[in-house]
Amino acid sequence: MEFSHIPVLFNEVIENLNIKEDGVYFDGTLGGGGHSEGILKRLGPTGRLIATDQDRDAIESTRERLKEYSDRLTIVKSNFVNIDTVLKDLGVDRVDGILLDLGVSSYQFDNAERGFSYRNDAPLDMRMDRDTGVTAADIVNDYSEEELARIIREYGEEPFAGRIARAIANAREKSRIETTFQLNEIIKEALPAKVKSKKGHPAKQTYQAIRIELNHELEVLSEALDKMINLLLPGGRLCIITFHSLEDRMVKNKFRVAMNPCICPPDFPVCVCGRKSKGKVVTRKPIVADDTELQENSRAKSAKLRVFEKM
């Protein structure tokens with residue numbers, strides 16, 4: 001299956017990165033290379049793009065697709081949280097712009113064997129990096145009922161997390177849960193009839209929770225954001241596209257603290273903590289897709305872009 005991904009908020013990302021022809025940029029989520037190609041087209045002969053991805057399929061396919069830009073593109077198989085070591089190994093101190101598109105790619109969702117989607121019957125995998133060993137099936141079968149309830153509640157924001165966790169625990173006593181459709185049926189049976197009749201797949205929030213837990217997505221994002229702001233050159237911009245409220249809230253709060261890190265009590269006449277602002281939040285409200293993009297790409301519906309500029 002060809003690795004493809006329609007880049008969401010493409011024009012908005014390119015505009016907000018303020019790309020300089022001789023600049024150095026970092027795309028932490030290469031995927032199908034849509035955003036990367038947009039950056040490369042605006043770089044001159046002395047410009048450079050460094051891109052990372054955990055998915056070997058993405059790297060192999062996209063490296064071939066973008067081979068005409070090989071003189072200014074460096075691709076590294078790595079999680080974007082390792083940006084500091086990736087840049088150091090390449091002899092780069094700081095960069096002019098950074099992009100993260102945190103959505104699961106169309107390829108990963110649509111490729112049944114990857115197990116990301118509840119719409120296809122497939123092994124419960126969900127690994128962003130298939131070189132790692134633990135899969136979604138291991139979480140579903142090995143976590144305690146209490147642990148399952150916690151992650152489904154916290155990461156899936158699922159109000160019936162306890163009922164779903166209990167149903168999973170009961171089902172796996174009879175046989176191991178190995179496939180997406182097995183899990184779907186267990187979730188459906190656990191939910192009240194009035195919930196199942198509502199719009200949207202009843203397993204959506206549980207799948208999100210398992211995927212976040214398996215790939216350590218929130219821990220990785222939190223650590224990466226602190227590093228990335230520090231690795232920007234003055235005037236450099238960090239653009240983050242999120243797809244659910246947990247990510248967006250984290251990005252919003254990290255940006256706010258970076259802009260105003262003072263921890264002095266509000267009644268102090270002057271700051272005494274000594275913490276200095278690292279820059280400014282460019283987007284007071286997140287940028288979202290317009291009607292035209294939504295008609296062309298329904299997966300842009302939940303996308304939100306926030307931008308921070310280094311001082």
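Below, all heavy atoms of this structure are taken into account, side chains as well, without hydrogens, waters or symmetry copies. Predicted model, so just to flag it, every value in this text is computed and none were measured.
- Residues passing the side chain to side chain donor-acceptor pair (under 3.5 Å) test with E178, sequence neighbours excluded: R176.
- The ring pair (Phe, Tyr, Trp, His ring centres under 6.0 Å) search around F26 returns none, not counting sequence neighbours.
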Check residues 163-170 and write down every donor-acceptor pair under 3.5 Å in which the side-chain atom is one partner and the other belongs to a residue at least two apart or another chain.
{"unit_1": "R163", "atom_1": "NE", "unit_2": "A190", "atom_2": "O", "d": "3.0"}
{"unit_1": "R163", "atom_1": "NH2", "unit_2": "A190", "atom_2": "O", "d": "3.2"}
{"unit_1": "N170", "atom_1": "ND2", "unit_2": "R166", "atom_2": "O", "d": "3.3"}

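- Among pairs with a residue in residues 221-236, those fulfilling side chain to side chain donor-acceptor pair (under 3.5 Å) read D84-K227, S222-K254, E223-K227, D226-K254, N230-K278, at least two apart in sequence or across chains.
- Under the side chain to side chain donor-acceptor pair (under 3.5 Å) criterion, D125 pairs with R127, sequence neighbours left out.
- A perpendicular orientation is assigned to the rings of F109 and F116, their planes being inclined by more than 60° (bins at 30° and 60°).
- Contacts of Y25 classified as ring pair (Phe, Tyr, Trp, His ring centres under 6.0 Å), with partners at least two apart in sequence or in another chain: none.
- Within the structure, side chain to side chain donor-acceptor pair (under 3.5 Å) contacts touching residues 284-299 (residues at least two apart or in different chains) are S106-R299, D110-R299.
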Report all side-chain donor-acceptor pairs from residues 261-272 shorter than 3.5 Å, counting only partners two or more places apart or in another chain.
none

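- Considering every non-hydrogen atom in both C239 and V13, the closest pair reads SG-O, 4.4 Å.
- K77 pairs by the side-chain contact (heavy atoms from CB on, under 4.5 Å) definition with R56, I59, D129, D131, not counting sequence neighbours.
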Show every donor-acceptor pair shorter than 3.5 Å between a side-chain atom in residues 36-50 and any protein atom, with sequence neighbours excluded, or say none if there are none.
{"unit_1": "S36", "atom_1": "OG", "unit_2": "D27", "atom_2": "OD2", "d": "2.7"}
{"unit_1": "E37", "atom_1": "OE1", "unit_2": "R65", "atom_2": "NH1", "d": "3.0"}
{"unit_1": "R42", "atom_1": "NH1", "unit_2": "G38", "atom_2": "O", "d": "2.7"}

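- Residues that satisfy the side chain to side chain donor-acceptor pair (under 3.5 Å) test with T52, not counting sequence neighbours, are absent from this structure.
- Partners of E60 under the side chain to side chain donor-acceptor pair (under 3.5 Å) rule, at least two apart in sequence or in another chain, do not exist in this structure.
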